[in-house]
Amino acid sequence: MNGHSMKRPGCRGPVTLPGTTPGTTLLARAALALYPPSWRARYGDEVHALLEESGGGLGAAASVAWRALPAWIWPPAHLHDRPARMRASLSTGLLAWSFLTGLALVFAQLTQFQGFQPPGHPIIPASYLVFDAALVMSVAAAGLGGLPLWLLMLRRAHRERLRRDTLYLLLPLIVPIAFLAGLNIMVPLVGGAHGVSPASFLIITLAGFCFAGVAATGPGLALRRLQPRGPALHLATIAGGVAAAAAVTAAAAIIVAVTGLCLWARGFAGYHHGAIPGVYLALVVVAATVTAVSATRGTRAALAELR
């Protein structure tokens, strides 16, 4: 029994017995945290127990973590009914879409708003136009398509006095207001005659991503707890697919524009350092991929439900 996990009656999840290496438990939990919630709910306890019983260390945890990617891309069909698939896709897609939109705003701030266009290369301004149109379409589709579902859940949370869910649903409104209020206080303190320094801009940007993550996580938690169904869920999921397609188009425009600036405008801002644009584009590709995969799965479930 020493070093093993078991379930106690009335308890949820595995209970680690005395003698289990704390590092093994931590590694197991970290690896399992990478899997979709539905997968963890079905298999998490079993895999956690097997990792502890085998005494698996970093290698075993890494092997489990590596297999998390296929679980997201090709989720087992038996773990989801279609409404659950739509809710899971909305939760994951909203978080990835928020991150991608944040990256797009960074691009706009550091490139497009500077008004720089290398002469003789019309592909750059064309990329700006595509980016603008796609970003506006993405935000409009996400907002208009998701509003009925958001209102439906908010009314239910208010009617049933579910204070936690009400707070989750209001986070997309509260968090941006709090961030902008903090920004208005912080910028005059750290800004100089030429605006904020690069270090201050980086801190503000990172804080913005953290706030955006919190704002996007709230509705996802409410979706998981309230488990809505019906036409509002279908509409939000299909609109999420449209928003994701537009966001991926904006990401493609970003890739073209940044690549062009690195090739033809190496004296402009940080484009003479290949590492910085390279890291940025890698983040754009990852966020766009997660957004597209999640939206595709949800849209398929919504269309199948409507047939």
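Numbers here are sequence positions counted from 1. The shown structure was predicted, so the numbers you read here are calculated from the model rather than taken from an experiment.
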Review point. Is any side-chain heavy atom of L162 less than 4.5 Å from a side-chain heavy atom of L226?
Key: yes

**Study point:** Considering all heavy atoms, the nearest V106-Y280 contact
**Key:** CG1-CE1, 4.3 Å

**Study point:** Main-chain N/O of A287 paired with T291 side-chain donor or acceptor, under 3.5 Å
**Key:** yes

Point to revise | Side-chain heavy atoms of V256 within contact of I124, under 4.5 Å | key: no

Point to revise | Nearest-0.5 Å distance that lies between atom CG in L152 and atom CG in L147 | key: 11.0 Å

Check your understanding: Taking a hydrophobic cluster as the set of Ile, Leu, Val, Met, Phe, Trp and Tyr residues connected by side-chain heavy atoms closer than 4.5 Å, whether directly or through intermediates, do F211 and I203 fall within one such cluster?
Key -> yes

Check your understanding: Is R225 reaching over with its side chain to a backbone N or O of D165, donor-acceptor style, under 3.5 angstrom?
Key -> no

Review point. If you draw a 6.0 Å radius around CZ in R164, do more than 12 non-hydrogen atoms from other residues or ligands fall strictly inside?
Key: no

Practice item. Identify whether L144 and W150 are in the same connected component of the hydrophobic contact network (ILVMFWY, side-chain heavy atoms under 4.5 Å). Key: no

Practice item. Establish, from distance only, whether the side-chain atoms of R67 and S63 form a donor-acceptor pair under 3.5 Å. Key: yes

Exercise for review: Determine whether R229 and R87 make a side-chain contact, defined as any pair of heavy atoms from C-beta on separated by less than 4.5 Å.
Suggested key: yes

Review point. Rounded to the nearest 0.5 Å, how far apart are OG of S91 and CG of L221?
Key: 7.5 Å

Review point. How long is the span from the CD atom in E160 to the OG1 atom in T166, to the nearest 0.5 Å?
Key: 10.0 Å

Check your understanding: Is a side-chain N or O of S294 found less than 3.5 angstrom from the main chain of S89, in a donor-acceptor match?
Key -> yes

Exercise for review: Rounded to the nearest 0.5 Å, what's the gap from CZ on R156 to CD on Q227? Could you check?
Suggested key: 8.0 Å

Review point. side-chain contact (heavy atoms from CB on, under 4.5 Å) between Y43 and Y35: does it pass, once the steps are laid out?
Key: CA-CA 10 Å; Y43 300 112; Y35 282 80; over 6 Å; no

Review point. Looking at P219 and P172, what are the two nearest heavy atoms and their distance?
Key: CG-CG, 3.5 Å

Check your understanding: Any side-chain heavy atom of F179 within less than 4.5 Å of one from I204?
Key -> yes

Point to revise | L235 side chain reached by L149 side chain, heavy atoms, under 4.5 Å | key: no

Point to revise | Verdict with supporting geometry, T217 and V214, side-chain contact (heavy atoms from CB on, under 4.5 Å) | key: CA-CA 5 Å; T217 301; V214 173; 5.7 Å; no

Study note, to complete from the structure: Between R82 and A304, the two heavy atoms sitting closest are NH1-O, 3.5 Å

**Study point:** Reported CG-to-CG distance for the pair L169 and L151, which is rounded to 0.5 angstrom
**Key:** 10.0 Å

Point to revise | Reported CG-to-OG1 distance for the pair L281 and T259, which is rounded to 0.5 angstrom | key: 5.5 Å

Review point. So which heavy atom on S98 is nearest to which on A212, and how close?
Key: CB-O, 4.4 Å

Point to revise | side-chain contact (heavy atoms from CB on, under 4.5 Å) evaluation trace for L167 with I174 | key: CA-CA 9 Å; L167 176 61; I174 297 172; 4.2 Å; yes

Review point. Does any non-hydrogen side-chain atom of T296 lie less than 4.5 Å from one of T299?
Key: no

**Study point:** Flag side-chain contact, heavy atom, 4.5 Å: L103 against F107
**Key:** no

**Study point:** Connected via hydrophobic side-chain network under 4.5 Å: Y128 and V248
**Key:** no

Exercise for review: Indicate, with yes or no, if L95 and F209 share a hydrophobic cluster defined by side-chain heavy-atom contacts under 4.5 Å among Ile, Leu, Val, Met, Phe, Trp and Tyr.
Suggested key: no

Point to revise | Residues L283, L100; criterion side-chain contact (heavy atoms from CB on, under 4.5 Å); working and verdict | key: CA-CA 8 Å; L283 293 174; L100 182 58; over 6 Å; no

Check your understanding: In terms of hydrophobic clustering (I, L, V, M, F, W, Y; side-chain heavy atoms under 4.5 Å; direct or indirect links), are L263 and F131 co-clustered?
Key -> yes

**Study point:** Closest non-hydrogen atom pair, A243 against W97
**Key:** O-NE1, 4.0 Å

**Study point:** Side-chain heavy atoms of L34 within contact of W66, under 4.5 Å
**Key:** no

Revision key, fill the gap. Here the pair of heavy atoms bringing L135 nearest to A104 is CD1-CB, 4.2 Å

